Amino acid sequence: MLRLMQSLTDQDRLAAIQLRIDQALQTAGRPAGACQLIVVSKTQSAERLVPLVQAGSIELGENYLSEAVPKIEALPKGQIWHYIGSIQSNKTRPIAEHFDWVHTLDREKIAQRLNDQRPGDRPPLNVLIQVNLDGEASKAGCAPEQVQALADAIAGLPNLCLRGLMSIPKADQSDPGQPHRRLAALLDSLKPAHPTCDCLSMGMSGDLEPAVLAGATHVRIGTAIFGPRPAKEAV
Ligand SMILES: *Cc1c(COP(=O)(O)O)cnc(C)c1O
């Protein structure tokens, strides 16, 4: 008997996504485990996340500090948290204090503040440079031509560890893998000068497979696990 969609649990959908990641890795000829699932938990309650966190090796991604910090405090210590929202310069301290990774670094001033505010008892904050591949006015991220200079600036900051690049590609692509391959090529160009850069955060609910085929090491999935979010949201 087929089970109705409504009877599927978050854990069922999480397992299905993990399977799609595993299969895409296999298709790409990449090693098992080479792409980390980040469950994007914005707008979801801490209670809803508990069974997912207990079930497996997931990491969590949040966009809004006011809801993220209480959730981080409510869930078990040792859980890995990724900040994937836009960064205002007056909100850097809670990011530096509570998160393990930041995916949305796009300017030097923010890098400097995160570095200065990272607590001394925590390891360096893993950071990714967000790249605005197509110069879309509605999106954050630095231009591809500016990535090298920003990477050089970050490399001088001891409390940050530059790990690679992140992007949110345009939705309506005739070839959905094309932006992912461009981001991968940009990472390759950074590696000689910045050998700690080994990560590509790309791929969401709608473009998971093309992202994994192009080399994603982190995919960020919300809707495909939790269903549609309430409308008001701004990314
Ligand atoms: C919300 C969000 C996601 C998750 O997107 P879904 O389409 O719900 O999977 C991924 N990345 C970023 C930066 C987001 O803001």
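Whatever order the structure lists them in is the order used to number ligands and atoms, beginning at 1. A quick note: this is a predicted structure, and the numbers were derived from the prediction, not measured.
Counting heavy atoms closer than 4.0 Å to ligand 1, residue I168 contributes side-chain atoms (C-beta onward) but none from N, CA, C or O. If you look at N63 next to ligand 1, the close heavy atoms, those under 4.0 Å, all belong to the side chain.
Side-chain contact between L160 and R118: absent, with no pair of heavy atoms (C-beta onward) separated by less than 4.5 Å.
Listed for the S201 side chain is no donor-acceptor partner under 3.5 Å among the backbone atoms of M166. Side chain of T104 to backbone of I84: no donor-acceptor contact under 3.5 angstrom is found. Without hydrogens or angle criteria, R220 side chain to I168 main chain gives no donor-acceptor distance under 3.5 Å.
For ligand 1, the polar-atom distance check against M204 finds no nitrogen or oxygen pair separated by under 3.5 Å.
Under a 4.0 Å heavy-atom criterion, R229 is in contact with ligand 1.
Using a 4.0 Å cut-off to heavy atoms of T223, the atoms of ligand 1 that qualify are 6 (P), 7 (O), 8 (O), 9 (O). With ligand atoms numbered from 1 in the order given, ligand 1 contributes 1 (C), 2 (C), 3 (C), 14 (C), 15 (O) to contacts under 4.0 Å with heavy atoms of K42. For ligand 1, the atoms closer than 4.0 angstrom to any heavy atom of S205 are 6 (P), 7 (O), 9 (O). Contact atoms of ligand 1 toward R220: 4 (C), 9 (O), 10 (C), 11 (N), 12 (C), 13 (C) (distance under 4.0 Å to a heavy atom of the residue). Atoms of ligand 1 lying under 4.0 Å from any heavy atom of I221, numbered from 1 in the order shown and given with element: 9 (O).
Each ring pair (Phe, Tyr, Trp, His ring centres under 6.0 Å) pair with one or both residues in residues 103-136, not counting sequence neighbours, appears once here: H82-H103. Each salt bridge (Lys or Arg N to Asp or Glu O under 4.0 Å) pair with one or both residues in residues 174-200, not counting sequence neighbours, appears once here: D134-R182, R163-D198, D175-R181, D188-K191.
A salt bridge links E209 with R20: at least one charged nitrogen is closer than 4.0 Å to a carboxylate oxygen.
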